[in-house]
Amino acid sequence: MEKRTDSTTSTTEVKKRGFSRRTVLGIAGVGVAVAAVGGTITAFTLDSVDGSSSAAGAHGPLHTDGGDIVDSDGKTVTLTGVNWFGLETGTFAPHGLWKRNLDSMVQQMVDTGFNTLRLPYSNELFDAKSKPNGIDFKANPELKGLNGLQIMDKVVDSATKHGMMVILDQHRPDQWGQSELWYTQKVPESKWLSDWKMLAKRYKGNDKVIGADLHNEPRGQATWGDGNPKTDWKMAAEKAGNTIHSVNPNWLVFVEGNDKYKNESTWWGGELRGAKEHPVQLKEAHKVVYSAHDYGPGVYNQNWFMDKSFPNNMPAFWDKHWGFLKKSGTAPVLLGEFGGKKSAGNSTEAVWQQSLMKYLKKNGISYTYWCWNPDSGDTGGVLKDDWKTVDPGKKALVSMYQSPVPGAKTDAGK
């Protein structure tokens with residue numbers, strides 16, 4: 001999800017780029033679309049400086065054990081992170097670098113308590129004609145003259161040096177908008193796969209780059225487990241996961257849900273019941289983490305928010321669509337996106353966010369909050385519009401459930 005409302009983008013550009021919310025009809029109601037870099041990569045470990053808690057002191061590579069993500073010692077690792085978008089848009093760089101220095105931005109994420117960065121990108125980022133822009137080069141002189149892939153390198157390098165784990169997210173095929181399927185006419189499946197293979201190989205030396213979110217919010221034509229190679233997202237995820245593991249067997253493979261199951265529809269990327277009957281199976285065992293997206297009434301006022309029992313009805317809703325995978329010990333779940341403008345007080349959206357955070361904490365479910373950016377039109381961000389001040393309500397919300405940053409520890413001589 002990313003609808004730009006910052007002063008650098010006109011209303012016409014917002015509409016042209018497809019950043020506005022889009023709806024999809026289903027029997028259960030109306031669901032809404034949600035979501036908004038050469039050189040040698042330095043190697044890091046997941047070792048902690050202080051060795052304190054579930055993400056701290058972790059030793060890579062990570063894998064899965066039942067419903068948990070664990071390190072090489074079998075210690076549970078909980079991802080409590082944030083999304084920072086922009087690489088997938090026409091700036092071909094994370095937003096806010098027109099205001100801030102990259103490292104200072106990442107340091108503030110760490111100071112706010114996030115241990116993981118979900119980093120959206122588009123395949124167009126890697127095209128030679130895609131020129132990064134919207135960057136204050138006085139504040140970021142090290143970014144001047146770099147192409148999109150090299151900008152990604154710098155973001156990954158900064159995040160991992162600051163101790164954060166990184167998930168790369170194929171958010172869009174191009175700058176103009178998200179796609180229902182993992183391929184389009186301009187970005188065929190072959191490019192989707194080759195780009196993932198390139199990235200997996202490129203960041204293989206950095207243990208804190210922990211995996212790939214294969215495709216953002218499959219929906220519409222996307223099916224699950226029906227065997228149709230043109231639409232079966234489960235089959236495509238297996239193909240991509242095996243392709244990634246052919247060059248980098250250490251990565252976790254994050255597989256989002258689609259938007260429907262039988263005659264019911266929910267949020268784009270938010271339906272994982274198909275995984276119960278047709279699980280994603282990779283040649284490299286214990287590497288699949290399922291991922292869902294879930295939003296509140298500020299994005300669309302779904303009928304479950306108007307139920308008389310709200311918010312007490314919500315845990316059963318989350319259990320039904322994606323939480324069951326974690327609770328049954330089938331596989332880990334990452335709630336890859338959720339968020340909203342109202343996070344404090346008694347509004348339906350604030351109560352929903354607080355209830356969801358309690359649910360995640362109670363069940364030990366990992367998350368990456370949407371989002372760091374204040375220019376996400378439907379949700380706002382952890383930062384206020386000045387790109388410097390942390391919203392106190394969002395800070396209080398995410399502080400309800402956070403696992404410490406592992407801490408950076410470079411290998412000698414690297």
Side-chain angles (χ1 to χ4, degrees), residues 1-10 13-14 16-20 34-37 81-109 112 114 116-127 129-137 139-140 142-160 162 164 166-179 195 199 209 213 216-217 336-337 339 368-388:
M1 179 205 302
E2 63 290 305
K3 182 174 78 172
R4 291 191 59 174
T5 56
D6 60 276
S7 60
T8 66
T9 305
S10 69
E13 187 177 10
V14 168
K16 183 173 66 174
R17 291 189 178 182
F19 292 166
S20 300
V34 290
V37 281
V82 69
N83 290 268
W84 184 18
F85 71 79
L87 281 168
E88 81 283 21
T89 73
T91 62
F92 302 111
H95 287 181
L97 296 182
W98 53 73
K99 281 269 195 180
R100 296 277 302 278
N101 168 265
L102 169 61
D103 286 338
S104 74
M105 194 85 84
V106 173
Q107 182 63 60
Q108 192 175 24
M109 293 179 194
T112 308
F114 295 114
T116 304
L117 174 63
R118 181 174 178 259
L119 188 63
Y121 72 86
S122 69
N123 299 90
E124 188 181 359
L125 178 74
F126 311 129
D127 294 348
K129 68 179 186 299
S130 300
K131 304 296 184 183
N133 59 89
I135 301 171
D136 181 348
F137 291 116
N140 297 280
E142 72 282 2
L143 303 184
K144 192 172 184 177
L146 301 185
N147 62 31
L149 183 57
Q150 291 167 334
I151 295 286
M152 178 183 275
D153 287 344
K154 290 292 188 181
V155 177
V156 169
D157 185 57
S158 180
T160 56
H162 281 83
M164 298 183 80
V166 174
I167 300 167
L168 301 179
D169 158 43
Q170 191 269 356
H171 207 75
R172 308 169 152 200
D174 54 47
Q175 64 176 293
W176 305 112
Q178 298 172 202
S179 60
D195 283 348
L199 292 171
V209 184
D213 190 336
N216 185 65
E217 297 179 349
E337 291 185 19
T368 47
Y369 189 75
W370 190 273
C371 58
W372 184 248
N373 309 48
D375 59 340
S376 178
D378 287 341
T379 67
V382 174
L383 290 184
K384 291 190 171 184
D385 289 343
D386 62 3
W387 283 94
K388 296 178 181 179

Taking every non-hydrogen atom, the tightest pair across [X] and [Y]:
X	Y	result
G148	L125	CA-CD1, 3.6 Å
F92	S122	CE2-OG, 4.4 Å
F85	C371	CE2-SG, 3.8 Å
P94	L97	O-CG, 3.5 Å
T368	N83	O-ND2, 3.1 Å
W84	L119	O-CD1, 3.7 Å

Worksheet item: What residues form a salt bridge (Lys or Arg N to Asp or Glu O under 4.0 Å) with K129, not counting sequence neighbours?
Response: D127
Fill in: Option passing side chain to side chain contact (heavy atoms under 4.5 Å, CB included) with L117 (candidates I167, V209, V106, V155)
V155
Does [X] use its side chain to pair, donor to acceptor, with the backbone of [Y] at less than 3.5 Å?
X	Y	answer
N140	L143	no
N373	D375	no
N216	R172	no

Is [Y] close to [X] at the side-chain level, that is, under 4.5 Å between some pair of heavy atoms?
X	Y	result
N147	Q150	yes
P374	D385	yes
M109	W372	yes
K99	L383	no

To the closest 0.5 Å, what do you measure between [atom1] ([X]) and [atom2] ([Y])?
X	Y	atom1	atom2	answer
Q170	E88	CD	CD	10.5 Å
R118	H171	CZ	NE2	6.0 Å
H95	M105	NE2	CE	10.5 Å
Q108	D103	CD	CG	13.0 Å
L87	I151	CG	CD1	8.0 Å
L102	E142	CG	CD	6.0 Å

Worksheet entry | With sequence neighbours excluded, residues passing side chain to side chain contact (heavy atoms under 4.5 Å, CB included) with D195 |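 Here the qualifying residues are N123, F126, K191.
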